[in-house]
Amino acid sequence: MLSTMQDVPLTVTRILQHGSKIHGTSQVTTWTGEAEPHRRSFAEIGERAAQLAHALRDDLGVDGDERVATLMWNNAEHVEAYFAIPSMGAVLHTLNLRLPPEQLAWIVNHAADRVVLVNGSLLPLLAPLLPHLAPIEHVVISGPGDRSLLDGASVQVHEYEELLAGKPTTYAWPELDERQAAAMCYTSGTTGDPKGVVYSHRSIYLHSMQVNMAQSMGLTDQDTSLIVVPQFHVNAWGLPHGVFMTGVNMLMPDRFLQPAPLAEMIEREQPTHAAAVPTIWQGLLGELQQNPRDISCMKQVTIGGSACPPALMEAFDKLGATVCHAWGMTETSPLGTVARPPAHVVGTEEEMAYRLTQGRFPAGVEARLVGPGGEHLPWDGQSAGELEVRGPWIAGSYYGGAAGENFKPEDKFSEDGWLKTGDVGVISADGFLTLTDRAKDVIKSGGEWISSVELENALMSHPEVAEAAVVAVPDKKWGERPLATVVLKEGASTDFVQLKEFLATKIAKWQLPERWSIVEAVPKTSVGKFDKKVIRRQYADGDLDITELA
Ligand code: ADP
């Protein structure tokens with residue numbers, strides 16, 4: 001029999017209505033680089049979201065489930081777009097402004113975006129691209145920037161504030177089907193062509209509830225969250241939606257993502273929480289060493305997107321901020337695991353080891369490990385296999401079915417509908433995931449697997465190493481062997497022999513790299529992850545200066 005409960009659709013509209021009414025005085029603060037940041041209350045965000053929806057519908061003719069793109073930093077206007085576009089029934093399409101221009105153009109054409117909201121500071125990026133963005137008819141500009149860059153463009157250009165001015169501050173939001181598309185984000189293409197992930201209202205709503213749980217980020221209206229992770233990347237890890245539910249104040253860095261302004265922002269605005277990928281925090285720690293500031297306000301730092309190096313976690317612990325490590329993907333909304341140590345290890349020597357895992361699966365994310373022959377592996381902390389997941393905020397397909405010539409759906413989704421993450425790891429009996437590699441980055445040496453991540457972490461714990469990336473390179477005898485590329489800190493005096501000896505104290509001897517190279521910087525992807533494709537290519541092209549140790 002069916003239940004007797006009400007069937008109220010779980011929609012982004014309801015998050016908007018709740019946050020702007022119940023938490024109307026909470027604030028979105030946007031950094032401007034000037035003496036005072038810009039502040040807007042949740043109540044104002046609600047009113048302006050209504051005005052934006054009127055403008056999009058009445059002035060620009062946005063109708064049905066049309067895609068509306070954003071090419072924006074993290075700021076209050078982007079939050080307004082986050083709520084207005086899905087709530088009116090259209091689909092928010094966040095564009096990754098760090099993608100190579102050809103990929104960006106490909107994505108806009110693939111999604112058929114007719115309207116793009118852009119920050120004025122990003123017009124130098126958009127203007128030369130416009131001739132290649134056939135579907136775009138309207139460009140709506142907010143914030144400072146040189147408008148003349150669009151002179152002569154064959155699109156209609158609008159000012160965001162002028163569009164909103166005088167529009168009603170309420171909107172008769174339609175009652176939507178919770179399974180309807182609300183937002184879309186293309187994967188950043190680290191492992192191939194970009195693929196469009198389309199989030200539903202329901203998936204966003206449920207994901208937000210999980211983000212807000214104490215076992216996840218667990219923030220309240222007493223908190224301020226510094227959201228560094230970009231709104232163009234997996235909905236800023238679901239934070240804007242999540243914190244709108246609970247009235248957490250948002251501190252938005254806009255385009256000021258360099259270590260010095262971030263440090264200043266933290267000292268002046270006193271956020272209690274912050275979220276970003278490890279490279280951002282490495283930069284901030286470097287800055288703090290040179291120009292110390294008091295960042296003790298930050299009680300919790302969420303780190304994900306790539307593995308958190310142990311040295312980074314320890315450095316933050318010393319500053320009084322507890323790092324919470326999490327794993328996820330564009331396809332998983334992204335919250336997939338969170339590394340909160342279980343009660344019985346808190347305060348013991350084991351605690352750190354748990355915190356450094358990728359974390360435990362929350363309710364809503366089911367997981368399994370699949371071995372090379374397709375067999376399901378036990379959760380024993382030993383058996384390594386590819387991670388597959390399923391759940392109400394996990395993608396089951398891509399927009400338009402597939403993208404790119406080389407894409408085969410069976411590579412990403414199992415026959416019974418699970419997402420193949422492409423991540424390789426082990427799961428402990430108590431449900432903690434430890435990733436040892438990406439399926440494509442594993443080093444297969446003489447029939448054994450070597451984890452590139454383990455070698456990188458060990459190298460990066462050396463006091464004179466700033467960054468290290470390890471990739472597989474072909475080897476006549478073993479098939480593949482690790483190559484270590486290392487960025488040394490300024491004034492470092494160590495050499496490869498010493499580094500190898502240092503590694504030998506932590507890693508089995510047969511896994512130690514013979515090939516070494518000092519590089520100025522590890523190449524990064526558009527979202528700041530190590531780009532191992534590039535390192536492998538540099539090696540193959542002979543562009544790296546290699547030293548071989550016996
Ligand atoms: P892309 O796949 O385009 O790089 P995503 O942001 O979706 O973009 O990347 C997801 C991948 O990032 C995961 O599959 C995993 O390999 C990696 N990743 C994310 N979080 C972590 C983490 N905490 N530790 C290790 N790897 C991570």
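Just follow the structure's listing: the first ligand is 1, and inside any ligand the first atom is 1.
Every residue two or more places apart in sequence or in another chain that forms a ring pair (Phe, Tyr, Trp, His ring centres under 6.0 Å) with His207 is listed here: Trp393.
The local environment of CD in Glu375 is crowded, with over 12 non-hydrogen atoms from other residues, nucleotides or ligands closer than 6.0 Å.
On a distance-only criterion, Thr187 and ligand 1 share no N/O pair closer than 3.5 Å.
Nearest-residue assignment for atom 11 (C) of ligand 1 (options Arg438, Lys440, Glu331, Lys195; heavy-atom criterion): Arg438. In the candidate list His325, Met329, Lys529, Lys529 is nearest to atom 12 (O) of ligand 1, counting heavy atoms. In this structure, of Ser306, Pro194, Gly304, Cys185, the residue bringing a heavy atom nearest to atom 22 (C) of ligand 1 is Ser306.
Contact atoms of ligand 1 toward His233: 6 (O) (distance under 4.0 Å to a heavy atom of the residue). For ligand 1, the atoms closer than 4.0 angstrom to any heavy atom of Thr330 are 5 (P), 6 (O), 7 (O), 8 (O).
Only the side chain of Asp423 comes within contact range of ligand 1, with a heavy atom under 4.0 Å; no backbone atom does. At a 4.0 Å heavy-atom cut-off, ligand 1 touches Ala326 through the backbone alone.
With 3.5 Å as the limit, one finds a donor-acceptor pair spanning the side chains of Asp223 and Thr272.
Partner of Ser452 under the side chain to side chain donor-acceptor pair (under 3.5 Å) criterion, out of Thr436, Asp441, Asn457, Asp437: Asp437 alone.
A salt bridge between Lys444 and Glu480 is absent, with no side-chain N of the basic residue lying under 4.0 Å from a carboxylate O of the acidic one.
Taking the six-membered ring wherever Trp is involved, the centroid distance between the rings of Tyr205 and His241 does not fall below 6.0 Å.
Between Asn74 and Trp31 there is no side-chain heavy-atom pair separated by less than 4.5 Å.
By the 4.0 Å heavy-atom criterion, Gly328 is counted among the residues contacting ligand 1.
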